[in-house]
Structures are given as structure tokens and as C-alpha cells.
Amino acid sequence: MSEHKHPAHIIVIGNEKGGTGKSTIAMHLAIKLLNEGYAVATMDFDGRQGSLSKYIQNRKNFCAAGGLHLGIPEHYIVKPSADYSRIPEDLERIHSLIMDLRSRYDAIIIDTPGGKNYLFEAAHQYADTLITPMTDSLVDMGAIADIDLNTLRVKAPGHYADFVWETKKFLAAHGKNGLNWIVCGNKISPTRSRNKDFIFEQLGKIGKMYGFRFCTGLKDRVIYRELFLEGLTVLDMNQPGLNRRMTTSHLAAKIEIKNLAEFICP
């Protein structure tokens with residue numbers, strides 16, 4: 001692969017909580033960019049759980065079994081070191097890898113662990129764009145802001161918002177003054193509720209204080225879980241040789257992904 005004139009744009013999918021659907025968003029963004037002709041690399045910093053790695057391996061297996069030629073990003077797995085004394089050496093190796101990939105790809109998408117460790121922190125320090133998926137629950141909301149439910153006022157930033165603020169200061173100290181931080185809904189209940197309306201309203205307000213943009217994102221659809229088993233995305237349904245019927249759920253999910261991608265990169 002030839003070197004690119006501009007370094008790759010690095011998209012980090014991060015949230016200090018598991019189960020928010022980071023890998024689903026990472027995979028769909030990767031396939032959308034590949035379909036648009038970009039050179040894409042993916043990195044799984046959650047080397048132990050490896051949801052994104054399993055997703056991509058499922059895709060490779062499905063394509064091999066069916067003789068299909070679907071787009072597959074170049075994938076790299078980063079596992080945490082069991083020897084804490086080797087962490088500085090590990091970070092240097094990761095830095096060298098990312099610098100090499102930046103010269104060879106248009107975009108790098110990094111999936112992070114669901115809990116804070118040195119790989120989680122390191123991934124954020126390379127971000128040009130940070131995407132934080134969250135469900136419509138007050139538990140997820142607490143990572144962004146501590147809200148007084150009696151007065152509906154923000155008492156303090158949540159632990160993850162604090163971490164992102166520290167990351168922004170780190171990036172500024174190293175010459176990068178902007179971080180495109182996006183909080184997006186994921187696994188959102190399809191039915192309307194007061195709880196969901198309250199959370200969305202609050203996130204819209206909080207974003208202005210904490211420096212992120214909020215979009216409602218993706219609903220909780222069975223189709224996303226079903227496609228994982230074959231390594232497919234809703235963007236693949238019309239690919240030659242796949243012979244899949246587009247259902248209403250497929251079409252609605254495809255519009256969600258399109259809207260999310262355009263919100264991330266207008």
C-alpha cells in the first residue's frame with residue numbers, strides 16, 4: 001500500500017463502561033468508509049474480550065465459506081501486557097505501530113476496553129475523533145455527568161467526562177488543540193419514554209458545557225446482533241452474491257448508520 005499524503009484520521013470508540021455497543025459502531029463505520037473507497041485499518045485494544053476482532057474474523061470466515069468478496073479492514077489486535085514492568089516498552093511498540101499505520105491508511109478505527117487500563121488511556125491520546133456510545137439509562141448517563149434528579153441540575157462531571165477533559169489537556173500540550181468528541185445513543189429503546197426523553201434533553205444541554213456533540217444514534221435492533229454472527233453489517237445487504245432480502249428493519253438500520261456517519265464526518 002502506498003503512503004498517503006495526509007496522515008490517517010484516527011477514530012476512537014470509547015466509553016468507561018462495557019455493553020454499550022462500541023464494536024457494532026466500529027465495524028459499521030469501517031465498512032462504510034471501505035465502501036466509499038477509503039483505506040481503513042481497525043485496531044482492537046480490548047484484546048481480552050476482543051468483540052471487534054471476533055466480528056472481523058466472523059466476516060472473514062463467512063466470505064471464505066461463500067466465496068464472497070466483501071470489504072474487510074486490515075485488523076490489528078493489541079493485548080494488555082501481563083507484566084507491568086513492560087508497559088513502557090509496550091506503549092512504545094504501540095506508538096510505532098500507529099505512526100506506521102497513519103502513513104498507510106486514510107482512517108484508523110480503534111475499539112477500546114470497557115474499563116480503564118493503560119491501553120484504554122493510550123488509545124484516547126491518539127484520537128482525532130472520539131465517539132462515546134451510551135444507552136438510554138441513568139447508569140450510562142452517570143459516566144458523563146452527575147445530575148441532581150430533584151433540581152435537574154448538573155452537580156459535577158462524570159468520571160469519564162473528567163477523563164476526556166484530561167485527555168484534551170494532554171492533546172493540547174502535544175500540539176493538538178481540537179478533539180471532535182461525539183456522544184451517541186446506542187441500543188436505544190425503540191419506544192418513547194420519559195426516561196429516554198429526559199436523558200436526551202440533558203445530553204443536549206451538557207454537550208455545550210463539556211464540549212461534545214450529541215446524536216440519538218442507533219436503536220436496539222435484533223438485526224445488529226444477528227449480523228454479528230456472520231460478520232455482516234446492514235450496509236452489506238445489497239452486495240453481489242449475498243442474496244439477502246432487505247427487511248424494514250434492515251432499511252431503518254441502514255438509515256441510522258448513514259445518519260450517524262454523516263453526523264461524525266459532515
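All values below were derived from every heavy atom in this structure, side-chain atoms included, with hydrogens, water molecules and symmetry-related copies excluded.
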Looking at residues at least two apart in the chain, or sitting in another chain, which of them share a side chain to side chain contact (heavy atoms under 4.5 Å, CB included) with [X]?
X	result
Asp83	Ser81, Ser85, Arg86
Met246	Met237, His250, Leu251, Lys254
Ala143	Asn15, His159, Tyr160
Lys60	Ile56, Gln57, Ile72

Q.
Under a 3.5 Å threshold, yes or no: a donor from one side chain and an acceptor from the other, between Asp111 and Ser23?
A. yes

Q) Under 3.5 Å, is there a donor-acceptor pair linking the side chains of His124 and Thr112? A)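 Side-chain D/A pair, His124 to Thr112: absent.
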
If the condition is salt bridge (charged side-chain N to carboxylate O under 4.0 Å, His left out), which residues does [X] pass it with, not counting sequence neighbours?
X	answer
Asp140	Lys17
Lys205	Glu201
Glu16	none

Q: Can you run down the salt bridge (Lys or Arg N to Asp or Glu O under 4.0 Å) pairs that involve residues 164-190, sequence neighbours left out, and say none if there aren't any?
A: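 Matches after skipping sequence neighbours: Asp128-Lys176, Glu166-Lys169.
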
Q.
Once salt bridge (Lys or Arg N to Asp or Glu O under 4.0 Å) is applied, what residue pairs with a partner in residues 147-156 remain, sequence neighbours excluded?
A.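 Matches after skipping sequence neighbours: Asp146-Lys155.
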
Q | Sole candidate of Tyr55, Tyr224, Phe228 that passes side-chain contact (heavy atoms from CB on, under 4.5 Å) when paired with Thr233 | A |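 Only one option passes, and that is Tyr55.
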
Q.
Going by side-chain hydrogen bond (donor to acceptor under 3.5 Å, both in side chains), name the residues that satisfy it together with Asn186, two or more places apart in sequence or in a different chain.
A.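 Expected list: none.
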
Q. Among all residues two or more places apart in sequence or in another chain, which pass the side-chain hydrogen bond (donor to acceptor under 3.5 Å, both in side chains) test with Gln125?
A.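 Partners of Gln125 by the side-chain hydrogen bond (donor to acceptor under 3.5 Å, both in side chains) criterion come out as none, since no residue qualifies.
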
Q. Does anything in residues 69-100 pair up under ring-ring contact (aromatic ring centres under 6.0 Å, His included), and if so which pairs, sequence neighbours excluded?
A.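 For residues 69-100, and leaving out neighbouring residues, the ring-ring contact (aromatic ring centres under 6.0 Å, His included) pairs sorted by first residue read His95-Tyr126.
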
Q.
If hydrophobic clusters are built from ILVMFWY residues whose side chains come within less than 4.5 Å, do Phe170 and Phe212 share one?
A. yes

